[in-house]
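Chain letters run A, B, ... following the sequence lines, proteins first and then strands; every chain starts at 1. Note that this is a predicted model, so its numbers are computed, not measured.
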2 protein chains.
Amino acid sequence: MSSSPSSGPGLSPRTGRPRRAAADAAILEATRAALVELGWSKLTMGDVASRAKVAKTTLYRRWANKSELVIDAVALLFDELDLPDRGSLAADVEGVVLRFAELLDRPETKTALMAVVAESTHDPALQARIRTSIVDRQKRLVLEGRARAQARGELPTETDPAVAARTSSLIFDVIAGAVVHRTLVSSEPIDEAWAHAFTHLILNGLTAVAPPMERG
Amino acid sequence: MSSSPSSGPGLSPRTGRPRRAAADAAILEATRAALVELGWSKLTMGDVASRAKVAKTTLYRRWANKSELVIDAVALLFDELDLPDRGSLAADVEGVVLRFAELLDRPETKTALMAVVAESTHDPALQARIRTSIVDRQKRLVLEGRARAQARGELPTETDPAVAARTSSLIFDVIAGAVVHRTLVSSEPIDEAWAHAFTHLILNGLTAVAPPMERG
DNA sequence: AGGTTTCGCTACGGGTCGTAGCGTAACTGC
DNA sequence: GCAGTTACGCTACGACCCGTAGCGAAACCT
């Protein structure tokens with residue numbers, strides 16, 4: 001597979017010259033910068049190497065190809081997301097939608113995420129890497145908000161763990177999917193009014209009366 | 001911009017040798033085939049040209065670059081979607097989710113859609129083309145289903161057209177986004193159980209009791 | 001020391017891009 | 001018919017990028 005730096009330190013050889021750890025950070029930073037300026041298709045390995053002040057061969061010793069490099073460069077950004085307790089389920093949902101939208105608004109995030117997903121449609125290994133590096137890591141937000149809402153009595157407590165897992169996945173895909181789709185496919189901005197309307201829809205359903213969205 | 005064939009016939013010159021119309025269809029078909037076999041990054045213009053039995057220069061005379069070619073090649077596929085009346089809003093939503101998931105399951109669709117979206121993050125012209133060629137065309141499904149549900153009395157009739165437009169866009173992003181995200185990002189299949197649970201969520205909201213999903 | 005691995009550098013074959021130039025084909029208006 | 005215009009297929013080209021190989025030097029271990 002790849003010689004990514006994410007391979008644990010236990011696997012690293014105990015002999016020989018150690019890899020310069022700072023180079024990893026420099027390369028990933030350079031990759032993000034190059035993505036912003038050039039986009040996916042015009043990003044070249046040679047350019048990343050020179051930005052990071054590293055030989056191109058060093059780059060290939062650590063990552064097998066462009067896709068895996070970009071995944072690692074972007075995965076970190078998603079870890080910035082947190083879910084502060086805003087007192088109610090509705091406020092929590094609204095908050096995470098806005099934070100996620102903000103994250104997706106950064107050019108390196110949007111470009112990298114879609115490009116990697118596109119490549120993954122023909123590369124099962126890449127799919128797996130996306131799931132472990134991004135999807136599974138972010139599901140924690142849903143689990144957290146769900147547990148919090150259950151503690152508040154806003155949501156029924158789930159007994160069957162299998163059902164709970166399916167429901168969490170469903171909610172995750174609905175929230176993340178809506179934000180991604182509006183931002184990247186429909187190319188329309190996400191403001192507080194949209195977040196509010198979306199939250200109303202998710203919590204109360206389509207059959208409820210029209211959401212209290214500000215006119216404008 | 002581009003010399004796409006979508007430029008109306010009124011703009012075509014009335015003199016000189018006319019373009020061979022069949023070549024367009026052959027090129028688009030070849031593009032889809034190449035996408036399936038090679039994926040986005042390994043698809044080359046030369047390969048498409050030879051598949052379509054057309055000179056590479058002819059290809060460049062009609063499309064400016066790979067992205068615009070791929071958009072035109074894929075936009076047609078989305079027109080296949082329709083929305084048969086299944087008797088209720090819930091059944092309609094469930095139906096369109098399954099049909100859309102089916103469409104996204106085809107390798108040429110998923111590969112092309114994501115790749116083009118990724119490129120569009122650095123190309124406003126491409127964004128506009130995606131909106132007109134795909135997004136706006138598919139919103140008709142939402143409008144259709146909504147009108148049908150209102151006729152049945154399942155949804156309140158909207159008076160303010162601006163509010164109605166915003167609501168339709170919201171619903172579109174939620175439905176399409178959830179399907180796209182689960183299929184392409186989470187890499188999990190969409191079956192009838194998921195469609196059922198999703199529909200329940202959209203119609204009744206998160207605060208309702210757990211959806212009647214078959215155990216398994 | 002000796003062994004091992006990384007690093008920077010250079011160089012290379014193979015492939016793709018997008019364009020230019022040519023002769024020819026098709027169609028229009030005089 | 002004939003000149004004018006545009007599309008077509010073909011070849012060739014410079015520019016660029018990919019991913020790898022080989023080298024000497026550096027950094028760490030026992």
Side-chain angles (χ1 to χ4, degrees), chain A residues 1-5 7-28 30-31 34-35 37-70 115 119 122-123 125, chain B residues 1-28 30-31 34-35 37-70 115 119 122-123:
Chain A
M1 190 156 290
S2 95
S3 57
S4 141
S7 39
L11 298 179
S12 66
R14 311 200 161 278
T15 177
R17 171 177 176 172
R19 285 186 174 173
R20 193 165 63 90
D24 275 352
I27 292 171
L28 295 177
T31 304
L35 269 177
E37 287 184 27
L38 308 172
W40 165 268
S41 66
K42 292 182 182 172
L43 179 145
T44 71
M45 298 296 259
D47 186 44
V48 170
S50 63
R51 279 172 197 257
K53 294 190 170 68
V54 154
K56 196 174 63 166
T57 44
T58 297
L59 213 154
Y60 276 105
R61 286 187 191 104
R62 307 191 181 198
W63 285 274
N65 52 53
K66 205 160 93 171
S67 303
E68 304 207 343
L69 169 61
V70 170
E119 284 304 304
H122 267 255
D123 186 342
Chain B
M1 189 157 292
S2 97
S3 57
S4 142
S6 59
S7 40
L11 298 178
S12 65
R14 312 199 161 279
T15 175
R17 174 176 174 173
R19 286 187 175 172
R20 193 167 62 91
D24 275 351
I27 291 171
L28 295 177
T31 303
L35 269 178
E37 287 183 26
L38 307 172
W40 166 268
S41 65
K42 292 181 181 172
L43 178 147
T44 71
M45 300 295 260
D47 186 44
V48 170
S50 64
R51 280 172 196 257
K53 293 192 171 67
V54 154
K56 197 174 61 166
T57 45
T58 296
L59 214 154
Y60 277 104
R61 286 188 191 103
R62 305 192 182 200
W63 285 274
N65 52 53
K66 208 160 91 171
S67 302
E68 303 207 344
L69 169 61
V70 169
E119 286 302 311
H122 267 256
D123 187 341

Measure all distances between protein nitrogen or oxygen atoms and nitrogen or oxygen atoms of nucleotides 14-19 of chain D, and list the pairs falling under 3.5 Å.
unit_1 : atom_1 : unit_2 : atom_2 : d
D/dC18 : OP1    : A/M45  : N      : 3.2
D/dC18 : OP2    : A/M45  : N      : 3.2
D/dG19 : OP2    : A/Y60  : OH     : 2.8
D/dG19 : N7     : A/K56  : NZ     : 3.2
D/dG19 : O6     : A/K56  : NZ     : 3.1

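A straight line from CZ of B/R62 to C1' of D/dT6 spans 12 Å, rounded to a whole angstrom. Residue A/R20 contributes atom CZ, which lies 11 Å from atom P of D/dA27 at whole-angstrom precision. Atom C1' of nucleotide D/dC10 and atom CG of B/L59 are separated by 15 Å, given to the nearest angstrom.
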*asked:* Walk along nucleotides 22-30 of chain C from 5' to 3' and tag each nucleotide B, S or - by protein heavy-atom contact under 4.0 Å, base first, then sugar-phosphate.
replied: ---BBSS--
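The closest side-chain heavy-atom distance from B/D24 to B/W63 is below 4.5 Å. Under the 4.5 Å side-chain criterion, counting only non-hydrogen atoms from C-beta, B/V70 is not in contact with B/E119.
Shown here are the side chain to side chain contact (heavy atoms under 4.5 Å, CB included) partners of A/A26, two or more places apart in sequence or in another chain: A/A52. A search for side chain to side chain contact (heavy atoms under 4.5 Å, CB included) contacts involving B/T58 returns B/V54, B/A55, B/R61, B/R62, not counting sequence neighbours. Under the rule for a side chain to side chain donor-acceptor pair (under 3.5 Å), the partners of B/D47 that lie at least two apart in sequence or sit in another chain are B/R51.
Distance check: A/E37 CD to A/L43 CG gives 10.5 Å after rounding to the nearest 0.5 Å.
Shown here for B/I27 and B/V48, the closest heavy-atom pair between the two residues is O-CG1, 4.1 Å.
B/H122 places a side-chain N or O within 3.5 Å of a backbone atom of A/L35 that can act as its donor or acceptor partner.
Mapping B/T58 and A/T57 onto DNA chain D by nearest heavy atom places B/T58 closer to the 5' end of the strand.
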